[in-house]
Amino acid sequence: MQKLLFILLGCLGFCAAKGQAPSPGQIVQEINKAASTRPKTLVYLQTSKGVFQRGEYIWFKAYTMDAQSLVPVALDTTLFIQLRSADSSRIVSEEKILIDNGFASGQLSTRNTVAGAEYLLAAFTPHSILKDTSEFKAFRRLKIADNAPAITRVAASDSIHIDFFPEGGNLVGGVINLVAWKAWKTGGGPVQINAVLLENGQPIMHLSSNRLGTGKFQFVPKQSAKYTVRSAQSHGDYKLPDALQSGVALHLAGQSKTQFSFRLTKTFHSPLSQIYVAAQARGIVCALFQGKMTGDSLWFNLPTTKLPHGIAQITVYDENLRPLAERLVFAHAGQDLVVRATLSQPAFRPRERVKVHVRVTDAEGTPVVAHLGASVYDRFYENPADRLSIISYTRLHSQIRGPIPDPDYYFNPNNPDREQALDLLLLTQGWRRYVWAENATNVPGQVVLSNRMTGRLSGNRDFSPMLLAFAPDGSGMQNPIPVRPDGSFALDIDNMLLGRIYLKPLGDQRQTAKAKIWLDDPFAQIRNLLADKRIVGPFFTPLPPETTYRSALSRSIVLDEFVVTGKGKTYSDRYVQSLDSLARFSWNTDFVGACNWLNCLSCGSGKKPVEGVSYSKFRDGRPSQHGPFKSEDVVKEPYKYPVYTEEELLAKFNLTRAMGYQVKKEFYQPDYQNVPLDAAIDDQRNTLLWNPAVVTDEKGEATLEFYCSDITGTFIGNIEGLDGTGKLAAATFGFTVQEGDKEK
């Protein structure tokens, strides 16, 4: 057996030995090309809670990270947010949010949703979704609740599937192989089973899976034998792949905090000699090794210092740089940030003030400056169908193709088998679905969305090529927008910060009358992009039903949307209302002659009619004029000015309306410090705190303060975020609100 004959050649600076062809430097080039096909940014969404009442706001925060380093990145400045039905057949609302150095926050109304239905809150940036990728995962599952608890339902099915995954990629005859396996039902959920491995129909080994439906076993397959697995819980046998007569088996023999130990074994007749081993993580080449196999086995160690935090892909190549075997490992497990939330007391009374001291450190206890989002809500509004955290999403779910069962399980320190379960996940859903190996064409990913609002101007170009962009209050007029010779234009961040924007061509009215402004619709592009992608979310094991159920919803009252109207038609803003008033004056040619008839041709002119005042006119609509008539031919009725739609008004004044960045609303938090506790206000807030911009100081500390509502019961606090180096933080805390004396 040969040991430790590899020489570390370094990372990107690797060069081949003289005269050797092809150059192993091509490995680095190919990995870099593959990385260029992937999105450059990764978006994670944090919401104020998981279940909302119809009429509430969905408060959210988006973390935009560099897809390779996971640090907050300012590459994109526009976040496109969508609320869509769970089956994506209906778009409820769409907004554009300004991204400030990697962070964005906003809110969406649920008034147009259906109670009792599930929705997806999806996030996009120009560099987080490309035309060429096959899956989309940047979303959260939300429930718009009625008066029933949110329950995850799994379709009943007796059909069980078992898949097999030889470690390294292939089952190789005559050598020791480790085979991982996964049992799952038709609906996609895992199933825990016991089974037997059969060789040519004869049992040779008993197998069992864990609660996540995964397991593994080792054996030496015979090249001519047929291997199947049989379980009493399923029907029929499940066939293992045929064993190769010649090949190599890669095995992770051991791991510690400092290194991963691998064993590479080849069949007796394999001519393999010169080999290369590359380690990459999220498209970054971390290490490159070379060596010679003079025996049938070769051992090598990979220092963890060479790998970033998260999933790494280890690939073995032959002398012609053909990949022979691959293995995924997870480096630096448990080394994310530590968040400690300390409450001023364990229980509170309604409307009592709550203080939470937050401290963030790294794994060694060093204080960390972190950017966090924090929420506190009634436990009833926790969504069991979406239990993702920023750690499980960023480290795992976003990195592996396909759905993952219970992704938070692998990062919960209360699960003693989490690291073994994580390794089984990497084996069963491993390198074949690793995102950085997805696109074999090595064609750079195509960016479709833009950070800026773009459009074009068509029609008569015989005028100054400028546009005016302004808000309903008139702000923004001082910065005209240039139009390029081809008619295209783009609005910058200052323009988009105006929120609701009105655009108008500048120049002589006669010259600009035929000009037409066309705006590009990024959400139409998003809908087209998603039509070609698989929307993939994790799935979760149903939680055990609670023994008691307190209908918090039945105690809350959410008013239907109402609009305050005055006399006449109501428009969306005062500016359009002013256009309506102007249109009434400038477009309306009606007059009242001296004879008090409407539009009398004999009088020829007169004063403007007054709305609501009655004037005479012929019943059959013929023109009014002096002359004989019968009384039954005349009608006298109150005058009404013409009613224009907003679209008609905008067209008449040659205006185009666009939506820039969403104007932020303030999350409502009452201050009971100077208000009597017995005030008549009925406070039924189920979300007590939403703060998307909690930043710890140099001591790693921050303080959260808020007041309880009149709702009693258990409340959950959720804190998530990251620091400037890409380390992630996630923690929860809880407390009770109860009437009377507090528990000691």
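The structure presented is a predicted model; accordingly, all values stated were derived computationally and were not measured. As a basis for the values below, the full set of heavy atoms in this structure was taken, side chains included, without hydrogen atoms, waters or symmetry mates. Starting from 1, each residue takes its place in the sequence as its number.
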> At what distance, to the nearest 0.5 angstrom, does CG of Leu427 lie from CD of Glu167?
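Leu427 CG to Glu167 CD: 5.5 Å, rounded to 0.5 Å.
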> Under 4.5 Å between any side-chain heavy atoms of Phe219 and Leu240, yes or no?
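Of all side-chain heavy-atom pairs linking Leu240 with Phe219, at least one is under 4.5 Å.
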> Distance to the ring centre below 6.0 angstrom and angle to the axis at most 45 degrees; does that hold for Arg211 and Tyr409?
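Judged by the rule, Arg211 and Tyr409 form a cation-pi pair.
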> Is the shortest distance from a Lys or Arg side-chain nitrogen in Arg387 or Asp406 to a carboxylate oxygen in the other one below 4.0 Å?
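A salt bridge is present here (some side-chain N lies under 4.0 Å from a carboxylate O).
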> Look at the aromatic rings of Phe330 and His309 and report parallel, tilted or perpendicular, splitting at 30° and 60°.
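Correct class here is perpendicular.
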> Which pair of heavy atoms, one from Val175 and one from Ala249, lies closest together, and at what distance?
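Closest approach of Val175 to Ala249: CG2-CB, 4.1 Å.
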> Checking the side chain of Gln68 only, and the main-chain atoms of Arg282 only, is there a donor and an acceptor separated by less than 3.5 Å?
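At least one qualifying donor-acceptor pair exists.
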> Does Phe136 have any ring pair (Phe, Tyr, Trp, His ring centres under 6.0 Å) partners at least two apart in sequence or in another chain, and if so, which?
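Only Phe124 meet the ring pair (Phe, Tyr, Trp, His ring centres under 6.0 Å) criterion with Phe136.
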> Could you tell me if the side chain of Ser246 sits less than 4.5 Å from the side chain of Ser270, heavy atoms only?
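The answer is yes; the side chains approach within 4.5 Å.
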> In Å, rounded to the nearest 0.5 Å, how long is the span from CG of Leu728 to CD of Gln335?
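Reported to 0.5 Å precision, the distance equals 12.5 Å.
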> ring-ring contact (aromatic ring centres under 6.0 Å, His included), that's the test. Do Tyr238 and Phe164 meet it? Break it down for me.
CA-CA 9 Å; Tyr238 301 88; Phe164 302 99; 7.3 Å; no
> When you measure from the side chain of Lys266 to the backbone of Leu272, do you find a donor-acceptor pair of N or O atoms at a distance under 3.5 Å?
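Yes; at least one donor-acceptor contact below 3.5 Å.
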> Taking NZ, NE, NH1 and NH2 as the nitrogens, is one of them in Asp76 or Lys40 under 4.0 Å from a carboxylate oxygen of the other?
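No.
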> More than 12 heavy atoms of other residues, nucleotides or ligands under 6.0 Å from CD of Gln218: yes or no?
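More than 12 within 6.0 Å, yes.
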> Would you confirm whether Asn415, through its side chain, and Tyr410, through its main-chain N or O, come within 3.5 Å as a donor-acceptor pair?
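No, because the side chain of Asn415 does not come within donor-acceptor range (under 3.5 Å) of the backbone of Tyr410.
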> Between Asp423 and Arg327, is there a salt bridge with N-O shorter than 4.0 Å?
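A salt bridge is present here (some side-chain N lies under 4.0 Å from a carboxylate O).
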> For a 4.5 angstrom cut-off between non-hydrogen side-chain atoms, does Thr304 reach Lys257?
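A side-chain contact is absent here, since even the closest heavy-atom pair is not under 4.5 Å.
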> Taking Gln46 for the side chain and Lys61 for the main chain, is one N or O donor matched with an acceptor at less than 3.5 Å?
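Checking the backbone N and O of Lys61 against the side chain of Gln46, no donor-acceptor pair under 3.5 Å is found.
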> Could you walk me through whether Leu302 and Val329 satisfy the side-chain contact (heavy atoms from CB on, under 4.5 Å) test, starting with their C-alpha distance in whole Å, then the side-chain angles of each, then the deciding distance to 0.1 Å, before giving a yes or no?
CA-CA 11 Å; Leu302 175 61; Val329 297; 5.5 Å; no
> Between Ser209 and Ile193 (side chain of the first, backbone of the second, donor and acceptor by atom type, cut-off under 3.5 Å), is there such a pair?
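A pair under 3.5 Å: yes.
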> Can Tyr63 and Leu722 be said to form a side-chain contact (heavy atoms from CB on, under 4.5 Å), step by step?
CA-CA 9 Å; Tyr63 300 82; Leu722 72 168; 3.3 Å; yes
> Kindly assign one of parallel, tilted or perpendicular to the pair Tyr393 and Tyr44, based on the angle between their ring planes and the thresholds 30° and 60°.
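Aromatic pair Tyr393/Tyr44 classed tilted.
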> Mind checking whether Leu130 and Leu529 have side chains closer than 4.5 Å, heavy atoms only?
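Heavy-atom side-chain distance check fails, nothing below 4.5 Å.
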> Does any N or O in the side chain of Gln82 come within less than 3.5 Å of the main-chain N or O of Ala122, such that one atom is a donor and the other an acceptor?
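Pair absent, no side-chain N/O of Gln82 close to backbone of Ala122.
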> I'd like to check Leu120 versus Ser88 (side-chain heavy atoms, cut-off strictly below 4.5 Å). Are they in contact?
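In contact.
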> Can you name the nearest heavy-atom pair linking Pro407 to Ile404, along with the distance?
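The answer is CD-O, 3.7 Å.
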> Should Asp336 and Lys727 count as an ion pair when the cut-off is N to O under 4.0 Å?
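Judged by the 4.0 Å cut-off on N to carboxylate O distance, Asp336 and Lys727 do not form a salt bridge.
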> Taking all heavy atoms of Pro39 and all of Ala67, pick out the closest pair and write down the distance.
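In terms of heavy atoms, the two residues are closest at O-CB, 3.3 Å.
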> Is the shortest heavy-atom distance from the side chain of Val28 to the side chain of Leu288 under 4.5 Å?
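Counting from C-beta outward, Val28 and Leu288 do come under 4.5 Å.
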> Give, for atom CH2 of Trp184 and atom OG1 of Thr214, the distance between the pair rounded to the nearest 0.5 Å.
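OG1 of Thr214 is found 14.5 Å from CH2 of Trp184.
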> Apply ring-ring contact (aromatic ring centres under 6.0 Å, His included) to residues His251 and Phe262 and explain how you reach the verdict.
CA-CA 6 Å; His251 175 56; Phe262 294 90; 8.9 Å; no
> Got a salt bridge between Arg322 and Asp318, using NZ or NE/NH1/NH2 to carboxylate O under 4.0 Å?
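Yes, Arg322 and Asp318 are salt-bridged.
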> Is atom NZ of Lys239 surrounded by more than 12 heavy atoms (other residues, nucleotides or ligands) closer than 6.0 Å?
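Counting other residues, nucleotides and ligands, NZ of Lys239 exceeds 12 neighbours.
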> Supply the atom-to-atom distance Asn170 CG to Leu250 CG, rounded to the nearest 0.5 angstrom.
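If we round to the nearest 0.5 Å, Asn170:CG and Leu250:CG are 11.5 Å apart.
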> Could you please spell out the steps behind the side-chain hydrogen bond (donor to acceptor under 3.5 Å, both in side chains) verdict for Ser159 and Lys185?
CA-CA 6 Å; Ser159 180; Lys185 290 188 177 182; over 6 Å; no
> Please lay out, stage by stage, how Lys182 and Asp163 fare under the test salt bridge (Lys or Arg N to Asp or Glu O under 4.0 Å).
CA-CA 5 Å; Lys182 177 173 68 174; Asp163 295 326; 5.1 Å; no
> Please determine whether side-chain contact (heavy atoms from CB on, under 4.5 Å) holds for the pair His332 and Arg395, giving the CA-CA distance in whole Å, both sets of side-chain angles, and the decisive distance to 0.1 Å.
CA-CA 11 Å; His332 309 291; Arg395 298 285 185 214; over 6 Å; no
> Once ring pair (Phe, Tyr, Trp, His ring centres under 6.0 Å) is applied, do any residues pair with Tyr317, and if so which ones, sequence neighbours excluded?
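Checked Tyr317 against ring pair (Phe, Tyr, Trp, His ring centres under 6.0 Å); zero matches.
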